[in-house]
Enquirer: 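Quick one: this structure, given as structure tokens, is what I'll be asking you about.
Values below: every heavy atom of this structure, side chains too, minus hydrogens, waters and symmetry copies. Being a predicted model, the structure only gives us computed values, none of them experimental. Order of the sequence lines fixes the chain letters, A, B, ..., with proteins taken first and strands second; residue numbering starts at 1 for each chain.
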Number of protein chains: 4
Amino acid sequence: MHFSHTRARIIRSGEKLFARYGISNVTIRQIAKESGVNSSTIYYYYQSKEDLFEHIVNHIELVFGEDFSIAVEKNDPLEQVSELCWLFFDKYNQNINLVTLFLDERIKSNQNERVKKTIRKVENTINEALEKILDNCRDLGYLKSDLSNLVYIKMIFGILVETILFQKRSGSLLKNENQTHQFLTFRNEAIHLIKGILMVK
Amino acid sequence: MHFSHTRARIIRSGEKLFARYGISNVTIRQIAKESGVNSSTIYYYYQSKEDLFEHIVNHIELVFGEDFSIAVEKNDPLEQVSELCWLFFDKYNQNINLVTLFLDERIKSNQNERVKKTIRKVENTINEALEKILDNCRDLGYLKSDLSNLVYIKMIFGILVETILFQKRSGSLLKNENQTHQFLTFRNEAIHLIKGILMVK
Amino acid sequence: MHFSHTRARIIRSGEKLFARYGISNVTIRQIAKESGVNSSTIYYYYQSKEDLFEHIVNHIELVFGEDFSIAVEKNDPLEQVSELCWLFFDKYNQNINLVTLFLDERIKSNQNERVKKTIRKVENTINEALEKILDNCRDLGYLKSDLSNLVYIKMIFGILVETILFQKRSGSLLKNENQTHQFLTFRNEAIHLIKGILMVK
Amino acid sequence: MHFSHTRARIIRSGEKLFARYGISNVTIRQIAKESGVNSSTIYYYYQSKEDLFEHIVNHIELVFGEDFSIAVEKNDPLEQVSELCWLFFDKYNQNINLVTLFLDERIKSNQNERVKKTIRKVENTINEALEKILDNCRDLGYLKSDLSNLVYIKMIFGILVETILFQKRSGSLLKNENQTHQFLTFRNEAIHLIKGILMVK
DNA sequence: AATGAATGAGGATTCATTCAT
DNA sequence: CATGAATGAATCCTCATTCAT
């Protein structure tokens, strides 16, 4: 079988549990139970708990992979930043566990080198896209301040992360329509704010 | 003395280790070793590992406690926000471990209720101060956008957190003068950016 | 073919690994890897790890089987003992793994009954040959001491074993010519010593 | 407590079980059960199973430590060798487990470096004593053969080991008087044989 | 106030073995 | 004949916690 069913089940359960509780608070047996296999089976596919974790983290790279450069293809830089933000929010909606994992691991200090690398890579992908967008803004006469791109990047990233955290902590996205609406509104506000900031001549 | 020397040593070691490795990656014995006491001694002062952790997290409340309202005492709301940001950065400089712990715990989803409460309380303290500042801005004719205070709060908080994370990941603050200078510059930029955003009429 | 290629490969690998590391330090998977088959395949041929081990140990009997009686066919008992010793050394040269296994198992106390039996049988084969040789010596007027044959047997066996252990621990036989020569010399000395002892009138 | 009772109990049980079954066939739980402590307690005193094993093996050095040089203090080299042999047999009587362990480990090929070292050291102790005795023999005009000391040493060692193995495999020493007597006789014979060999002019 | 000794519960990992194909 | 997938039992080891002193 090319893409083992069991493998997929293990990964999915791992994703969920690691995201929720962190690597050291999840036992192999829990993952085994959640994925309906024997714990030895996990060792048949992955060399160790750490190995499984790394495989899961690698998925993050896949999720955040190419797409952000697509945003830059839009004509207007303000459209571009808007697109990038929506892409980011979409990723979250579609891979809540993975994105949660990403946010968690991003601020941990001691961790597996390979995990660290993946996190940096994902951040870089986003940063580079933002860098281009900011340059485009400047070309159009926007962003006349003498502040560095870096501050703007951190600001945009910061507000995106806070938006997601706000949502995450308010409970899962789909609880009811009202809430969904509320979140959509808030995301819209966030994007408007960012655009407003960049647009200043 | 209410606050025995031993107690203090234990707390300080716990702070350091918990901040660096997270609660589940630190053993009572490690804390005992770091603080030069026997692990049983820790149980003499604290009922359990969790209890010790809670006590440490409570320190965060002390650190972030009152001061932010001081910021609001300034005349100009732009001065107020500036003051608040510097306060935040100062807290970090003076309590790197505790602030790190705060940032870590802030994004974890599963955790001790009391820890959760403390984290919320600290966030609220900051948020309330920001809320007031934003209102003051509006009173002065700034911030003419129809965006909610909440987005502005998230934005400001986001950029503050990212600034600290940037610094934290670039290595300890005091490695050399150049670096210190670099960070100071960046912090300045961040504050300028925030003020610029709020100032818009 | 009675004796399939795969079977042979498994046995050979088992021999090597069991001799080197002992039964409990070798896993079925190691043997599978070494012999280039799947571990399930081993279970196709042998009922269990123990079963495989027994089959391998049985080889020892084949190796040490008949030949020692050949020694007794020589005319002179001193020639006989010399022949027996050389036979023993030759066995070692040609089946280092098996002989190593024999020496190992010989001194272990807890073991599979069938293994024990095989070891005893091999020892008996040698002992009986030696017994005959000693009787022949006495018939010729040698060995006038009132010591029992048993002590002589143990002595001869002891020196043979020590000679092999000496060589085994000094490294593999064929490292270089010098070493080979050195071992040959030592073996010669050992046999001379034994003959000298038996020859005493 | 200087010499923890628990420690002693663990060591004794380990000695017994390791000697009987070999390190990899004994579980920590078995040792715990045999010594009447919890298996965690073993880890309180020893870092790992291997560590415990090393500590036990170190005892071998203590047992075989100095005494063999005492043998050399006798006047006559034949007395000396006799003394040395009896010392060896006595060690066995008093520390059956440890000596068994020594014999076992002596022929294993793959093993812990520290264990290997201890085994070599013990062998050296005996070999050096034998070397001196052989030199003394030569000084007195004995041992006129042109064979090296090494062969003689191996021969003596071989017969001693075989004698012990013989006894070990025949069952524990003290089963009944008859058997005791039988073993004593055999040991006597072995020593006589050795002396006879050395005495040859 | 402080500690050394001891433990029970639980965790990661290994491994011989089975079974469907 | 041969194998990939799967498992249960067992193993080493860790760690928070307790208790007598």
Enquirer: State which of dA12(E), dA5(F), dA5(E) makes the closest approach to the side chain of Tyr45(D).
Expert: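 Among the listed nucleotides, the one closest to the side chain of Tyr45(D) is dA5(E).
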
Enquirer: For dT18(F), give its Watson-Crick or G-U wobble partner with both distances under 3.5 Å, or none.
Expert: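 Here dT18(F) is engaged in a pair, and the nucleotide opposite it is dA5(E).
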
Enquirer: In whole Å, I'd like the distance from the CD1 atom of Ile28(D) to the C1' atom of dT14(E).
Expert: 16 Å

Enquirer: Rounded to the nearest Å, what distance is computed from the NZ atom of residue Lys33(C) to the P atom of nucleotide dT3(F)?
Expert: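 Whole-Å distance recorded here is 16 Å.
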
Enquirer: Give the ring-plane orientation class for Phe18(C) versus Phe53(C), where under 30° counts as parallel, over 60° as perpendicular and anything between as tilted.
Expert: perpendicular

Enquirer: Using whole Å, report how far NE2 of His5(C) lies from P of dA2(F).
Expert: 10 Å

Enquirer: Give a yes or no on whether a salt bridge exists between Glu113(B) and Lys116(B), defined as a side-chain N under 4.0 angstrom from a carboxylate O.
Expert: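 Lys116(B) and Glu113(B): salt-bridged.
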
Enquirer: Side chain of Tyr43(B) only, heavy atoms from C-beta on: which candidate in dA6(E), dA16(F), dA16(E) is closest?
Expert: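 Taking heavy atoms from C-beta onward, the closest nucleotide is dA16(F).
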
Enquirer: Once you round it to whole Å, what is the distance between P of dC15(E) and CD of Glu50(C)?
Expert: 17 Å

Enquirer: Closer than 4.0 angstrom, basic N to acidic O: yes or no for Lys117(B) and Glu61(B)?
Expert: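 Answer for the salt bridge query: no.
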
Enquirer: Nearest-nucleotide wise, let me know which of Ser39(A) and Ser39(C) is further upstream toward the 5' end of DNA chain F.
Expert: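 Counting from the 5' end, the first nearest nucleotide belongs to Ser39(C).
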
Enquirer: Which listed nucleotide (dA5(E), dA16(F), dT3(E)) is nearest to the side chain of Thr41(B)?
Expert: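 Nearest to the side-chain atoms of Thr41(B), counting from C-beta on, is dT3(E).
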
Enquirer: For residues Lys16(D) and Arg20(D), determine if any side-chain heavy atom of one lies less than 4.5 Å from a side-chain heavy atom of the other.
Expert: yes

Enquirer: Find the distance Tyr46(D):OH to dA6(E):P and express it as a whole number of Å.
Expert: 11 Å

Enquirer: Without decimals, in angstroms, what is the distance between Leu52(A) CG and dT13(E) C1'?
Expert: 14 Å

Enquirer: Measure the distance from CZ on Phe18(C) to P on dA16(E) and round it to the nearest whole Å.
Expert: 9 Å

Enquirer: Let me know the distance between CZ of Arg29(B) and P of dT3(E), rounded to the nearest Å.
Expert: 14 Å

Enquirer: For a quick check, tell me whether the side chain of Ser40(B) and the base of dG4(E) share a donor-acceptor pair closer than 3.5 Å.
Expert: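 Yes.
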
Enquirer: Between Ile23(C) and Val26(A), name the one whose nearest nucleotide on DNA chain E is closer to the 5' end.
Expert: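 Mapping each residue to its closest nucleotide by heavy atoms, the 5'-most match is Val26(A).
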
Enquirer: With a cut-off of less than 4.0 Å, is there a side-chain N or O of Tyr44(C) near OP1 or OP2 of dC1(F)?
Expert: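 Checking dC1(F) against Tyr44(C), no side-chain N or O comes under 4.0 Å of OP1 or OP2.
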
Enquirer: Assign each of Ser48(D) and Asn38(A) to its nearest nucleotide of DNA chain F by heavy atoms, then name whichever residue's nucleotide is nearer the 5' end.
Expert: Asn38(A)

Enquirer: Under 30°, 30 to 60°, or over 60°: which ring-plane class applies to His55(B) and Tyr46(B), parallel, tilted or perpendicular?
Expert: perpendicular

